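Notes follow once the structure below has been shown.
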2 protein chains.
Amino acid sequence: MSRKKQIEQTATALFKSKGFSATSMRDLANALGIEAASIYSHIKSKEEILQRVCFRMADEFFEAIDAAEATGGTATERLQHAIAAHVQVLTNNTEASAVFLHEWRHLSEPFHSQFLSLRDTYEARFRRIIRTGIENGEFTVPDEKFAALTILSGLNWIHTWYKPEGKMTPAEIAGNLSLMLLMGLKTKTDTTLPKSHLTTP
Amino acid sequence: MSRKKQIEQTATALFKSKGFSATSMRDLANALGIEAASIYSHIKSKEEILQRVCFRMADEFFEAIDAAEATGGTATERLQHAIAAHVQVLTNNTEASAVFLHEWRHLSEPFHSQFLSLRDTYEARFRRIIRTGIENGEFTVPDEKFAALTILSGLNWIHTWYKPEGKMTPAEIAGNLSLMLLMGLKTKTDTTLPKSHLTTP
DNA sequence: TAGCGAGCCTAACAACCGTTAGCAAATTTG
DNA sequence: CAAATTTGCTAACGGTTGTTAGGCTCGCTA
């Protein structure tokens, strides 16, 4: 592995555990066993590392959802595939995922805006699947954007606990999440919510 | 309002938008229109602000869930109340909530450990409701901890977009979230589902 | 064997960090 | 009105920050 990749990987681990701002170049150098100044033989700046991690992960998420949507099928199936693809990327590199999810706001312009734009586009992909499902009667949901964001945020906590050696495989995690988010907690034979809390506008 | 509260509030806004580490005392002073050193007439240290915000919010979440659970009822009803209570706290102060959710890791010991312990206890409250619901057949879910964390992470993104002047009230948001998380996205053909949002009576 | 690039070093920079000391003005309280 | 408290100031501290300059030492290749 190239030295640059090694630096990137070590930095990613530190960024995840301490955050970008709280990680100094001297911390990073110490973790690598070299001097801080030596790092600049390989990278241009501290932020360059963050940029590379954020945009590489963005690429991975897009590639994954592209492949998932290409399979076609019903909205339910496409959503399941998109969830599985998202979980796959998330579990494949939890450290980079954590940085991608939490540290992007330390990007300077124009990268900050670029990143947000990519994120919006990605969310729109989920939204479109859900809208299709609403239109053809597969889903019943108050608001399509609301649903998409709830699903995504329900997926994005995985990186906090997932360990490759754990007992659930990424596919099983994806299956459980799909089940919960598509079917809800309620037992199928009794699916009504208490009436005292419902009103129809 | 006391000057100390004012400082805390301004700091909270900055911590939310830039993060704790990336917010300097000179940034905070600038936002307050005074000199950095002047802040120390009111607080002991930068971290004191973070501590106060984190533990005050923890208190609020516990008070809310205490009140919610005290109402009794089925597991479904208790979970709905707990969700509504959580959303209420979250929407009541989005800035402090964001700090509570994302900046706690910059707490030093023993506060860091204390905070994590409180968070675990809070999550266990949700888990217990869900376990009850599984045991008496209200819920069908693969794993109780998994379900609790998925629900909580599905709630905890609200602070990123909620504005008090928006068109959904906190109660409506809670209703929509309850609906999505309890019933899922899939259309149920065997029951009459409310077509839109919920409101508390 | 000469040369080259990769990799790392030391030294140092200017800027910024949280915080303290000591003092002055303003405001509140007796 | 006097005393006490609140609120803010300037100046400065010791330390840390990201980064640059310039040079040394290897292993590889021409």
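FYI, side chains are in, hydrogens and waters are out, and symmetry mates aren't considered; it's all heavy atoms of this structure. Naming: A, B, ... by sequence-line order, numbering from 1 per chain. Because the structure is a prediction, the values reported are computed rather than measured.
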Going by the rule ring pair (Phe, Tyr, Trp, His ring centres under 6.0 Å), which residues pair with Phe15(A) if we only count those two or more places apart in sequence or in a different chain?
Phe20(A)
What is the distance, rounded to the nearest whole Å, between atom CG of Asn30(B) and atom P of dG8(D)?
14 Å
The complete set of side-chain hydrogen bond (donor to acceptor under 3.5 Å, both in side chains) pairs with one or both residues in residues 107-120 of chain A, sequence neighbours excluded, reads Glu47(A)-Ser108(A), Glu109(A)-Ser113(A)
Residue mapping more 5' on DNA chain D - nearest nucleotide basis, Asp27(A) or Lys44(A):
Asp27(A)
Could you state the CG-P distance from Leu28(B) to dG8(D), rounded to the nearest angstrom?
12 Å
In whole angstroms, how far is the C1' atom of dG8(D) from the CD1 atom of Ile43(B)?
14 Å
Expected list for residues 55-62 of chain B: side-chain donor-acceptor pairs under 3.5 angstrom, two or more places apart:
from: Arg56(B); atom 1: NH2; to: Glu8(B); atom 2: OE2; distance (Å): 3.4

Test applied, side chain to side chain contact (heavy atoms under 4.5 Å, CB included); reference residue, Ile83(B); option that passes from Leu155(B), Leu152(B), Ile129(B), Ile65(B)
Leu155(B)
Just list the side-chain donor-acceptor pairs under 3.5 Å for residues 158-165 of chain B, sequence neighbours left out, or say none.
from: His159(B); atom 1: NE2; to: His102(B); atom 2: NE2; distance (Å): 3.4
from: His159(B); atom 1: NE2; to: Asn156(B); atom 2: O; distance (Å): 3.3
from: Thr160(B); atom 1: OG1; to: Trp157(B); atom 2: O; distance (Å): 2.5

Aromatic ring proximity, centroids under 6.0 angstrom, Tyr122(A) and His86(A)
yes
Scan Ser21(B) against the nucleic acid and name what it touches under 4.0 Å (heavy atoms): base, sugar-phosphate only, or nothing.
nothing
Length of the line joining Gln6(B):CD and dG8(D):C1', which is rounded to integer Å:
14 Å
Per-nucleotide protein contact string for nucleotides 9-16 of chain D, where B marks a base within reach and S marks sugar-phosphate only (heavy atoms under 4.0 Å, - for neither)
BBBB----
If you compare every side-chain N and O of His42(B) against the phosphate oxygens of dT6(D) (OP1, OP2), does one of them come in below 4.0 Å?
no
Check: Ser24(B) main-chain N/O paired with Asp27(B) side-chain donor or acceptor under 3.5 Å
yes
Under 3.5 Å donor-acceptor, Lys46(B) side chain and Thr23(B) backbone:
yes
Earliest and latest nucleotide of DNA chain C, 5' to 3', sitting under 4.0 Å from a non-hydrogen atom of chain A?
dG7(C) to dA12(C)
